Amino acid sequence: MTKTLVAATVLGLAGVAAGTALAAGPPAPKGAVSISLPGDAGFSFKPGPGVEAAQRYCLTCHSSAYVSTQPLMTQAQWTAEVTKMRAVYGAPIPDDQIAPIAGYLTAAYGKS
Amino acid sequence: MAASRARFLTSAGAALGAAALPRAVMGQIVALPIENGSRPLVAFPQKRALILLTPRPPQLETPMAVFDDGVFTPNDAFFVRWHLAGIPQSVDATTHRINVTGAVQRPLSLSLDELAAMPTVEIAAVNQCSGNSRGLFSPRVAGGQWSNGAMGNARWTGVRLRDILDRAGLAATAKQVQFNGLETPVLSMTPDFKKSLDVDVARGDDVIVAYLMNGAPMPLLNGYPVRLIVPGWYATYWVKMLSDITVLDHVDDNFWMKTAYRIPDTPHANVAPGSTGYPTVPINKMDVRSFITNVADGATLRPEPVVLRGIAFDGGSGIRRVEISTDGGGTWRDAALEQDYGRYSFRRWNARWDAERGAYRLAVRATANDGSTQPATPIWNPSGYMLNTIETYEVTVA
């Protein structure tokens with residue numbers, strides 16, 4: 001009943017017929033919900049040559065789990081992924097860092 | 001393909017740095033049947049422990065066993081998938097607004113109370129990620145490496161999008177309706193996540209702006225306080241934390257429509273690996289699928305009668321038939337369909353099997369009311385969308 005009255009009051013100015021208000025559904029959620037996300041939840045890149053560049057440019061937008069859960073990819077495939085991250089998603093990866101990052105990802109998470 | 005295999009190992013660690021994970025999940029690792037398939041079980045806020053694909057942005061998969069518990073997927077077990085790491089960790093439903101702008105006669109800014117005062121409907125519908133089962137593609141493809149748990153079924157309560165659009169009044173030039181939520185990119189150069197529907201789809205009877213999920217406010221990670229529901233269509237359109245509805249006078253050319261989430265415009269979105277030059281269209285309706293939910297691949301059963309159970313669903317025509325096989329698809333017999341919660345819902349089924357000693361390959365195949373069914377041979381496309389091969393399960397009866 002309270003709900004119906006509130007709805008009718010809110011919508012009265014909008015010119016909605018009383019019948020519509022009566023047909024209204026259950027109350028909407030109210031108030032703030034706050035959560036605390038766990039960040040990278042303990043995931044981090046494996047050590048290896050080039051890991052600093054991978055940390056600098058890959059971890060800006062996503063955790064290392066995006067990399068470590070991929071199938072074993074070749075250097076050509078990893079190069080395509082790194083290039084896509086720059087071209088499509090705007091990762092600010094300098095030209096001279098593409099190869100070192102792809103090399104690191106291939107050595108740490110890929111296949112030859 | 002042994003798609004449902006998920007072995008729960010008890011040893012801590014593997015290559016995941018489990019010592020650094022939240023205590024609640026120490027040592028709980030799921031081994032999906034794929035390369036690099038180790039996943040920890042992690043309880044995110046408002047969620048029970050789910051299969052963690054990536055923590056940032058959060059991507060959580062529902063274990064298949066959850067689908068055996070009931071036709072509706074509990075909110076705390078529902079899968080989670082975000083594209084961009086800029087996710088608000090606090091959202092106030094009281095001050096939240098849905099802005100309706102663009103090619104409309106009367107722009108709106110609706111509070112949730114105003115929304116809930118409009119006529120509401122409740123629809124049972126499956127929400128399935130476009131890339132559900134991507135990890136099971138062969139050859140493998142890059143992308144989120146899901147097994148089969150990036151799906152769920154819920155009762156969604158909300159207001160028809162059509163009623164909202166009519167209140168704003170579509171301009172004669174309206175072509176598509178674009179949806180945006182509170183999720184934002186980390187980098188300003190990254191395309192913001194927006195999705196669009198043609199006006200005739202957006203005005204469909206069953207497209208709703210939902211504020212309840214299984215009768216309760218939805219978890220923040222599922223889009224609190226309000227999300228778009230597009231029954232029968234893949235989850236990419238079900239924009240979470242919906243904040244902006246923009247009516248366009250053109251076909252949306254933003255990255256998430258023009259480049260991403262496109263499928264080959266071929267039968268079953270199937271192309272030969274490595275092929276190029278085929279036309280593409282935005283992904284849309286789901287194809288028909290079915291799963292056994294109470295027997296895992298690799299299971300050992302006792303030599304006694306067993307009731308096989310599972311689920312089936314499609315893109316909105318409804319399920320008319322589910323068949324099971326114990327010889328890998330050589331012979332089939334009908335399963336019994338359980339209660340019908342509507343054409344967009346999971347449909348549970350069961351089939352008694354008098355299991356005798358031996359080795360078996362169980363299989364399940366659904367047929368939808370539109371006549372579509374599941375292929376025995378896997379499809380392939382480079383983005384890993386729309387896999388719906390007949391699922392098989394190797395079991396031993398001993």
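Remember, predicted model here, so these are calculated numbers, not experimental data.
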All heavy atoms of G31(A) vs all of T94(B), minimum pair found to be N-OG1, 2.7 Å
Is it the side chain or the backbone of W146(B) that comes within 4.5 Å of chain A heavy atoms, both, or neither?
neither
Of all heavy-atom pairs between L212(B) and P26(A), which one has the smallest distance, and what is that distance?
CD1-CG, 3.4 Å
Determine whether P71(A) and N36(B) make a side-chain contact, defined as any pair of heavy atoms from C-beta on separated by less than 4.5 Å.
no
Which heavy-atom pair separates C61(A) from P57(B) by the least distance, and what is that distance?
O-CD, 3.8 Å
Largest heavy-atom contact set with chain A, pairs under 4.5 Å, which of G144(B), G143(B), P217(B):
G143(B)
Does the side chain of Y89(A) reach to within under 4.5 Å of the side chain of P185(B), using non-hydrogen atoms?
no
Tell me, do T60(A) and L187(B) make a side-chain contact under 4.5 Å, heavy atoms counted?
yes
With a 4.5 Å cut-off on side-chain heavy atoms, are L221(B) and L37(A) touching?
yes
Can you measure from CG (L72(A)) to CZ (R140(B)) and round to the nearest 0.5 angstrom?
8.0 Å
Which bit of V141(B) comes within less than 4.5 Å of chain A, counting heavy atoms only: side chain, backbone, both or neither?
backbone
d(K84(A) NZ, T259(B) OG1) to nearest 0.5 Å is 10.5 Å
Using a cut-off of under 4.5 Å on heavy-atom pairs, state which of A65(A), A32(A), G90(A) scores highest against chain B.
A32(A)
Measuring from atom CE of M73(A) to atom CD of E35(B), what distance do you get when rounded to the nearest 0.5 angstrom?
10.5 Å
One should read off an interatomic distance between L32(B) CG and T69(A) OG1, to the nearest 0.5 angstrom, of 10.0 Å
Distance in Å, L53(B) CG paired with S63(A) OG, rounded so as to fall on 0.5 Å steps
8.5 Å
Between CD on residue Q89(B) and OG on residue S34(A), distance to nearest 0.5 Å:
9.0 Å
D92(B) and K30(A), any side-chain heavy atoms less than 4.5 Å apart:
no
Can you tell which part of L115(B) gets under 4.5 Å to a heavy atom of chain A, answering side chain, backbone, both or neither?
neither
Engaged part of E81(A) at the chain B interface, taking heavy atoms whose separation is under 4.5 Å
side chain
Given side chains that start at C-beta, do those of V33(A) and Q46(B) come closer than 4.5 Å, heavy atoms only?
yes
Residue pair Y66(A) / Q59(B), side-chain heavy-atom distance below 4.5 Å:
yes
